[in-house]
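Below, read A as the first sequence line, B as the second, and so on, with proteins coming before strands; counting in each chain starts at 1. Hydrogens, waters and symmetry mates play no part in the numbers below; they use all other heavy atoms, side chains included.
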Amino acid sequence: MDKLPDKYNPADFESDIYNSWLEKGYFHSEVSAKKKPYSIVIPPPNVTGYLHVGHALNNSLQDILIRYARMKGFAACWFPGTDHAGIATQNVVEKELNKNGITRFTLGREKFIEKVWEWRSRYGSGIISQLKALGCSCDWERLRFTFDDDYVKSVNHEFVTLYNDGLIYRGNYMVNWCPRCLTAVSDIEVEHKEKKGNLWDIKYPLIVEETGLPSKTEFITVSTTRPETMLGDTAVAVNPSDKRYKKYLGRKVFLPLVDRLIPIIEDDYVDKDFGTGAVKVTPAHDPNDFEMGQRHNLNKINVMTDDAVMNENAGRYKGLERYEARKKVLEDLESLGYLGSKKDHISSVGMCSRCDTVIEPRISLQWFVSMKALAEPAIKAVQEGRVKFVPKKWEKLYYNWMENIRDWCISRQLWWGHRIPVWYCTKCSEMIVTESLPKVCKCGSTGFRQDEDVLDTWFSSNLWPFAVMRWPQKTAELDYFFPTSVLITGHDIIFFWVARMIMMSLYFMKEVPFKEVFISPLVTDIHGRKMSKSKGNVIDPMSIIDKNGADVLRFTLASLTSPGKNMLLGEDKIEGSRNFANKLWNASKFVTANIQGVNVIETDPKTLTLNPWDKWILSKFAKTVKSLEKYLEKYSISFACKCLTDFFWNDYCDWYIESAKSRIYEKKYNDDKDGGSAATEFGNTDKAKDRQAAQFVLWYVLERYLKILHPFMPFITEKIWQSIPHEGESIIIAKFPEIKSRILDKTDNVVENELLKIFNLISEIRKIRSELKINPAVRVKVYLNPADILFEKNVKDNAGYIKDLAKLQEIVIGRPADNKGFIKSIKDENEIFVYILDAIDIELELNRINNEIRKIIQEKDKSSAKLENPQFLDKAPKDIINKEKSKLSQALKIIESLQEQLSLLQSIK
RNA sequence: GGGCGAUUAGCUCAGCUGGGAGAGCAUCUGCCUUACAAGCAGGAGGUCGUAGGUUCAAACCCUACAUCGCCUACCA
């Protein structure tokens, strides 16, 4: 047993403790017939990632649950890993290369991928070591990466199976294209932001039928936010019911700048009431126009290159970047007299979620997953409660998305990622979809070219819960640990990841991937703003760990975790947890110092004589364990934390330790020169036995408390636990305390109520003392007129504690013969007389009493109003009425007594 | 445009199936009492967003409105 250092300094021991756990292999879990499985898969952080507060929160929560399950006797396994994060990682490495003037194109595909692997081996474990610093008890022997060889096999199997089942198809469609990343992205990778812009009116002249030339007087005016796309217009559309344009139907429209003749079409999509009711149609650059183009068989003229520069179809605008082209187009239209009015307009602009570049809708050949058939069973699984969201409100969001799900574009024009397992024969172009390189084509050729594209990262991560267990291999782990127990993640990836895992798991495993999904709060700064580097409000969890220790960070995050809320994180919240850790440290020091020489381990509890204070703290502890378990069950993490701190600080430290001092400090027993209490006043005449009971219970409760706190604050609890008497080699594998009926582990409401009255009495006396500014060092005399014999006995038995905790010289049962010099107060119907003649400040006291009277009169009025209401008496339940009656009578008593007090004081004055 | 959520003490938030408004922080007062000043003891502070309604009884249920936030969408 190490002695606890004087100061709590987590930096001194956290990493050593972590390493010792690692060495002992406590985090590793095996398939075990004797135990029930409890498993969690980590939401794999990007290899490029560093630990941000969101990770810290998420992983703290997972660790709490895993540690709890482990102590409860489950085979608890936390599967860790990282995500290759295609586009994100590619961007990071490219940026790095760009610094040296290298682009991925100068390197070439193969070399570039080598570079990325290099990068990963150098920096990819950064986040892992940060998770370790946080204390995460992941089973590191099972560490996986979504780009491991095995994992590639899983993904290929996924693709090929879905393809063979007709759920994957390839085609030319309009997709969201990022002109900076040079790849297609899926709908949910586009972030829409409201942007101020303009709405321009452009006049398209009608062709005069006789001359075949554009009219100088007849125009159709269209409105657009993107004038540059007019270069690709192939029609003007109006609503079929719009009478204004009926007369022009059948005539051609002259498209300025490109001098093309385009038709007028009728389509229901067009809103008569918006703008002029006429819309320019650019099927190659707008999703709606694309649809209209399909319906009306229009040409789709692509006027841009893949990096959003105008191409040869844009005529003289070729080579201009899209926004330069816009400017030029507007100038030219203006000078030709085709430009109408310009209005301010707010429209939502799609941005690439990875690089913030404005998305360019573009037609291209891509791979898609058809989602409807996959979504249906996944919707059902949640409806039937096979997957539960906590908090439940996220289910709505899930349904909403799933019910309106659209096909998923999974091909990416990137280099870093799972290459699409599709090959084309170099001779006959036959397409072969297969899990590995085909040997020979049916044309006899053996030359193949693999599809250039890679798969969306989420297409691989949606296998995570079973691919980490090496699916499609049939492994023992898969059999045992799957489906996992719970998934903990943020709401921002419900669509990206959670929904798709459910779909794929149901498809491939015929089971849900997890039984519950706990959606952790979004962490914001103290003003509720999202943390971002540009705002400079990012809190770096590692710096908190360095400064305050991982336990403090974990506990802070956990105590702010109430379901469905954002989490506002600021300095003062961290301080609160730090103070708590410090309190725990100091209280433990007190305990270790005061149980020296007592062999608590060998003590037979049956030989102890427990007094009410012992029974009280044991009962409180038992209740704390019960609440804690209840809260953990419901993922009410903040409540769990609150019941842990409340118990320790308010019950154990403020009452139990404080009272135990009277029993433990040697001199209290010998004499009481300073007005303290002799042993006989503590309800136990055998001094030695009483001291022993106190010492034992101090230790017993602390030792067990450390265990229940351990999942939340693993390091400090281990450190202290190792410094006090204990059995077993580490707290991490200790058994979670159980509440039974034996005296040490049961709840006891009778004792609790008994002591509560004593506490009230002590508090009342303290209050009077404090309000009258009686120096805490001064011991005062108190008379107590008890409401009943029970309380009288209670007070007599606890007189020593009352005297020590309220700093009394003496407590006398009964009323003082002469009220003079006494302050009278009533608590729980007991009359309390505090002798304050030496200390009194009459004005202060008059004020106090007047205030008190004012408050109580208000309450009395409320009660009597209710009781005078016949409808209340008629309709309210009996117990409510009785409660109200007793409230009233008590209030009356107190008022009477206070008024008596008042007149007494006034007479002195 | 649609949807969801929020509105309670100076701040951040609890408040269960309607029945005496709570915590932490901040603030104020008094204390270096031999585990802890990162502490101890005590106090003050609220028309529960607004307006209606249901009920004997509303922070809680219903309706409308206001303000803020988030998600979602193809109005050029």
On RNA chain B, compare the nucleotides closest to Phe639(A) and Lys887(A); which residue's is nearer the 5' end?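 Comparing both residues, the 5'-ward one is Phe639(A).
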Of all the choices, [options], which nucleotide is nearest to the side chain of [X] once you look at every atom?
| X | options | value |
| --- | --- | --- |
| Ser223(A) | rG19(B), rA76(B), rA35(B) | rA76(B) |
| Lys573(A) | rA76(B), rU12(B), rG19(B) | rU12(B) |
| Tyr665(A) | rA76(B), rA35(B), rG15(B) | rA35(B) |

Are any non-hydrogen side-chain atoms of [X] and [Y] less than 4.5 angstrom apart?
| X | Y | result |
| --- | --- | --- |
| Asp286(A) | Pro361(A) | no |
| Thr224(A) | Val279(A) | no |
| His345(A) | Asn198(A) | no |
| Val281(A) | Asp267(A) | no |
| Leu584(A) | Leu706(A) | yes |
| Val349(A) | Thr225(A) | no |

Output yes when [X] and [Y] qualify as a salt bridge under the 4.0 Å nitrogen-oxygen rule, no when they do not.
| X | Y | answer |
| --- | --- | --- |
| Lys887(A) | Glu859(A) | no |
| Lys661(A) | Asp804(A) | no |
| Asp6(A) | Lys589(A) | yes |

Annotated protein contacts, base or backbone, on nucleotides 70-75 of chain B with a non-hydrogen cut-off under 4.0 Å, one of B, S, - each: -SSBBB
Annotated protein contacts, base or backbone, on nucleotides 36-43 of chain B with a non-hydrogen cut-off under 4.0 Å, one of B, S, - each: B-BSSSSS
Checking base pairs now: Watson-Crick or wobble, both atom distances under 3.5 Å. What partners [N]?
| N | value |
| --- | --- |
| rU63(B) | rA51(B) |
| rG46(B) | none |
| rC56(B) | rG19(B) |

With heavy atoms under 4.0 Å as the rule, sort [X] into base, sugar-phosphate or nothing.
| X | answer |
| --- | --- |
| Ile657(A) | base |
| Lys280(A) | nothing |
| Pro877(A) | base |
| Val591(A) | nothing |

I need the [atom1]-[atom2] distance between [X] and [N], as an integer number of Å.
| X | N | atom1 | atom2 | result |
| --- | --- | --- | --- | --- |
| Ile637(A) | rA14(B) | CD1 | C1' | 16 Å |
| Asp201(A) | rA76(B) | CG | C1' | 11 Å |
| Lys393(A) | rG69(B) | NZ | P | 16 Å |
| Leu867(A) | rA57(B) | CG | P | 15 Å |

Apply ring-ring contact (aromatic ring centres under 6.0 Å, His included) to residues Phe389(A) and Tyr398(A) and explain how you reach the verdict. CA-CA 9 Å; Phe389(A) 280 74; Tyr398(A) 172 86; 5.3 Å; yes
Are any of Lys862(A)'s side-chain N or O atoms less than 4.0 Å away from OP1 or OP2 of rA21(B)?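 Yes, within the criterion.
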